[in-house]
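Notes follow the structure.
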Amino acid sequence: MQPVGRAPHVDYLGALPSTKATRPRIPSIVYFGTLIFSRVLFAQRDGSRLVRPEPITMAIKFKDLSPEEQQDYRDRMRHSAAHVLAEAVTKLFPESQLTIGPPIKDGFYYDFAVPEPFTPDDLKKIELEMRESIRANTEFVERKVSRDEALELVKDNPYKIEILEGIPADEQVTFCSHANGTFEDLCRGGHMERTGDIKAYKLLSAAGAYWRGDEKNAMLQRIYGTAWESRDAQKEYLKLREEAEKRDHRKLGRALGLYFFDPIAPASPFFLPKGTVVLNQMIDYVKELYVKYGYDEVMTPQIFNTELWKRSGHYDNYRESMYFIDVDDREFGVKPMNCPAAAMVYLAESHSYRDLPMRLADFGRLHRNERSGVTQGLFRVRSMVQDDAHIFCTFDQIGTEIDSFLQMLSESSQVFGFDNYRFELSLRPEKRVGTDEMWDRAEAVLTEVMDGTGREYTVASGEGAFYGPKIDQFVPDALGREWQLGTVQLDFSLPERFDLEYTAEDGTRQRPVVIHRAMYGSLERFLGVLVEHLSGAFPLWLAPVQAVVVPIADRHNDFCHEVGTGLKEAGLRVEVNDSNDRMNAKIRQAQLQKVPYMLVVGDREVDAGSVAVRTRAGKDLGAKPVGDVVDMLLKQVADRS
RNA sequence: GCCAACGUAGCUCAGUGGUAGAGCAGCUGUUUCGUAAACAGCAGGUCGACAGUUCAAUCCUGUCCGUUGGCUCCA
């Protein structure tokens with residue numbers, strides 16, 4: 001393979017116009033694919049005179065880079081950009097101390113210990129300084145030194161010392177320098193050859209970040225940037241980000257009249273009639289699945305005596321994020337989770353193995369006093385509803401229950417058009433309840449079930465809940481940030497704390513296992529992700545308004561209202577736009593509201609008893625008898641297509 | 001909770017140390033129109049809240065509240 005980022009091998013396809021031709025300039029673009037022919041301009045010298053550049057055709061051979069090689073290339077470039085950033089910051093802010101600067105998805109960051117946080121103006125200055133360094137096109141030079149020698153070199157930087165102290169004394173470490181050796185930084189290694197190999201870069205933002213990701217540590221100042229192999233690639237990336245910002249569910253929620261927020265109830269959405277339609281459709285759909293998969297639904301209180309939360313362990317673990325109310329000298333807690341209530345329901349009757357598995361769904365509203373900095377639109381709220389259910393079963397039933405849930409989850413994800421999700425299997429954390437034997441068995445079952453689905457998943461060791469291992473489904477939002485939606489979690493703790501039992505076949509008393517599970521997770525979060533996926537263009541079955549009837553002139557209004565009434569009686573959500581706007585404006589309004597169908601009525605339609613059907617995609621389906629339109633829409637709703 | 005930025009009409013946003021403007025939306029009227037914006041008029045704001053500086057604060061300073069981007073957390 002030709003090293004990417006260097007002049008590729010060139011085969012000329014014909015005689016050169018001059019034997020004195022200088023080496024042709026290769027466009028400073030790195031191609032990740034194969035480029036065979038290219039027209040290239042190059043200048044030639046005739047004696048001392050520069051002759052007009054002439055196009056020639058030549059073959060340039062690039063080998064395709066595998067995705068891994070592309071990633072490696074970009075990572076090295078972005079890490080190199082982080083070095084250049086560090087150099088610029090060191091120059092402009094001599095008091096700053098360097099820490100780490102890794103490549104990340106689509107870019108890089110560097111964490112600095114500085115006396116004052118960076119301002120947006122600082123970022124501009126730093127960016128200009130970086131440009132100089134890249135223009136100078138100096139070489140990245142790595143050198144290996146012993147760890148102890150390195151400790152001496154960074155003796156004024158406590159952060160680098162801490163890094164080195166984590167490295168065995170007999171190991172060598174890498175220092176990388178550029179700018180002709182005037183700047184040097186301890187790092188993991190992996191760079192471009194020269195600073196000029198960074199073809200496009202941009203600093204995006206600055207934010208505080210704890211040293212080593214621990215809030216007990218000092219807060220450093222992190223600068224985020226992006227870097228690309230070509231200006232075009234960067235432009236495309238920035239364009240995509242801009243487009244993604246337009247799909248922001250908070251903006252769309254406002255624009256489409258779905259929901260809003262108000263400081264009177266921070267981080268707690270108000271759902272308008274249209275947003276409520278969508279949520280209710282979602283709930284109806286889950287209830288259909290519940291019938292199919294054998295769930296029962298229960299309804300439980302909102303507020304419980306604190307005793308319950310002490311018993312469940314929430315009081316000890318999550319008191320800080322719970323809401324409490326004092327009434328008549330007694331303390332009550334607003335529920336942050338449904339599980340203790342589910343345990344109460346289980347305890348209300350005695351159970352035998354014949355009752356198991358018992359699957360109890362609960363759409364109770366939960367309140368969690370999330371820390372102020374973590375809330376975000378519908379993605380992280382303080383008031384929410386989950387499609388929550390608890391399955392009480394025997395240990396031997398865990399496998400089939402998880403398997404059946406994953407099947408239901410896959411069915412649901414498909415209906416909503418989510419295909420870009422991933423699963424994560426979280427295994428035992430250090431702090432946990434239950435015996436090692438229980439964890440061994442449970443983790444083995446989860447692994448076996450996950451393997452059986454044939455889906456890719458990652459394993460997160462140590463990330464399980466203290467009460468049991470879990471499988472989470474993550475789905476990205478418009479900006480690519482991942483959010484947990486579906487989840488299935490085993491719980492060994494709840495049955496113990498509530499002393500849950502069932503009578504086994506042999507008459508002995510046994511402990512059931514509890515499985516917590518949700519497909520949407522929080523309905524609020526799910527709706528947020530869904531809105532961003534669809535840019536607010538809901539499929540017919542979810543659309544708050546499924547069709548708008550558009551009279552062309554007000555002499556068509558009566559007929560339009562008849563059509564509207566007919567569609568409503570058929571169970572469709574319809575509006576008649578009888579305002580005195582022009583038809584074009586009515587169409588535009590419906591279009592902006594992402595209404596799936598517009599039914600236009602003029603003289604011809606009134607005479608024929610039909611409507612002219614226009615889709616949200618701008619397609620004219622022509623005039624159709626009203627009855628046919630009703631059938632068409634009803635079928636589409638029934639199919640959830 | 002921590003770091004930073006932001007907060008002006010229902011929405012999107014201008015603006016100034018001398019008490020505020022646009023577009024859209026709303027209301028009223030005119031227009032009756034064939035697939036993405038007809039025209040005119042009217043109305044709408046304790047400039048997030050509270051303190052301070054000042055003859056005078058929407059503007060400067062501080063505190064608080066909220067939002068956004070990160071960090072941390074996420075049962």
Side-chain angles (χ1 to χ4, degrees), chain A residues 109 111 114 116-120 122-123 204-224 245 248 250-251 254-255 257 260-267 309 312-314 316-322 335-340 366 368 370-377 379-381 386 388 463 465-468 470 472 479 481 483-484 487 489 491 493-494 516 521-522 525 550-557 579-593 598-605 612-616 618-623:
Chain A
Y109 67 77
D111 284 348
V114 278
E116 294 291 326
F118 297 112
T119 66
D122 291 339
L123 287 195
L204 298 174
S205 61
Y210 299 108
W211 166 239
R212 300 221 145 163
D214 187 335
E215 66 181 336
K216 290 196 257 331
N217 289 341
M219 175 153 282
L220 308 172
Q221 293 301 319
R222 174 173 299 178
I223 295 180
Y224 282 98
E245 278 163 21
D248 188 319
R250 289 164 303 204
K251 287 184 186 171
R254 259 268 172 235
F260 67 95
F261 290 86
D262 189 282
I264 206 71
W309 306 114
S312 69
H314 289 95
D316 289 337
N317 286 303
Y318 301 108
R319 189 179 5 179
E320 295 302 310
S321 354
M322 282 180 64
K335 70 176 166 189
M337 280 200 86
N338 288 308
C339 28
L366 310 179
R368 298 177 180 179
E370 301 279 10
R371 292 212 276 178
S372 62
V374 307
T375 61
Q376 212 199 77
F379 291 155
R380 193 84 179 268
V381 292
Q386 297 179 330
D388 201 5
E463 293 298 311
F466 71 88
Y467 48 73
K470 58 174 182 170
D472 293 319
L479 284 170
R481 299 173 294 202
W483 298 92
Q484 183 212 89
T487 185
Q489 318 182 345
D491 192 335
S493 169
L494 193 75
H516 309 253
S522 137
R525 173 182 291 181
V550 177
I552 287 177
D554 53 15
R555 63 177 176 279
H556 309 124
N557 284 359
S579 71
N580 63 355
D581 280 325
R582 287 174 57 203
M583 181 208 60
N584 280 306
K586 295 178 187 176
I587 296 221
R588 178 181 149 84
Q589 281 158 24
Q591 195 77 46
L592 291 175
Q593 287 295 303
M598 285 146 253
L599 310 176
V600 180
V601 174
D603 292 336
R604 297 198 294 269
E605 285 75 20
V613 183
R614 176 198 159 99
T615 70
R616 178 167 59 190
K619 216 166 137 192
D620 187 353
L621 301 185

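First the proteins, then the strands, lettered A, B, ... as listed; each starts at 1. Computed over heavy atoms, backbone and side chain alike; hydrogens, waters and symmetry mates excluded.
With hydrogens and angles ignored, a donor-acceptor pair under 3.5 angstrom links the side chain of Arg380(A) to the base of C73(B). At a cut-off of 3.5 angstrom, the base of U32(B) holds no donor-acceptor pair with the side chain of Asn580(A). Contact of Arg588(A) with A37(B) (side chain to base): a donor-acceptor pair of N or O atoms is detected under 3.5 Å.
In this structure, the aromatic ring of Tyr224(A) is not positioned over the six-membered ring of the base of G70(B) within 5.5 Å between centres and 30° between planes.
Counting non-hydrogen atoms under 4.0 angstrom, Ala612(A) reaches a base of the nucleic acid. Pro117(A) comes within 4.0 angstrom of the backbone, heavy atoms only, and of no base. Among the protein residues, Asn584(A) comes within range of the sugar-phosphate backbone only, with heavy atoms under 4.0 Å from sugar or phosphate atoms but none that close to a base. Residue contacts shown for Glu605(A) include a base, since a base heavy atom lies under 4.0 Å away. Among the protein residues, Gln221(A) comes within range of the sugar-phosphate backbone only, with heavy atoms under 4.0 Å from sugar or phosphate atoms but none that close to a base.
Closest to the Glu215(A) side chain, of the nucleotides U72(B), A75(B), G34(B), is U72(B). When each of U35(B), U72(B), U32(B) is scored by its nearest atom to the side-chain atoms of Tyr210(A), the top-ranked nucleotide is U72(B).
For C64(B) and C71(B), the P atoms lie 24 Å apart once the distance is rounded to whole Å. For the P atoms, the distance from A25(B) to C39(B) is 10 Å, rounded to whole Å. Of the P atoms belonging to G52(B) and C59(B), the separation is 14 Å, rounded to the nearest Å. Only the C1' atoms considered, A43(B) is 9 Å distant from G26(B), to the nearest whole Å. Separating the C1' atom of A51(B) from that of U58(B) is a span of 16 Å, rounded to the nearest Å.
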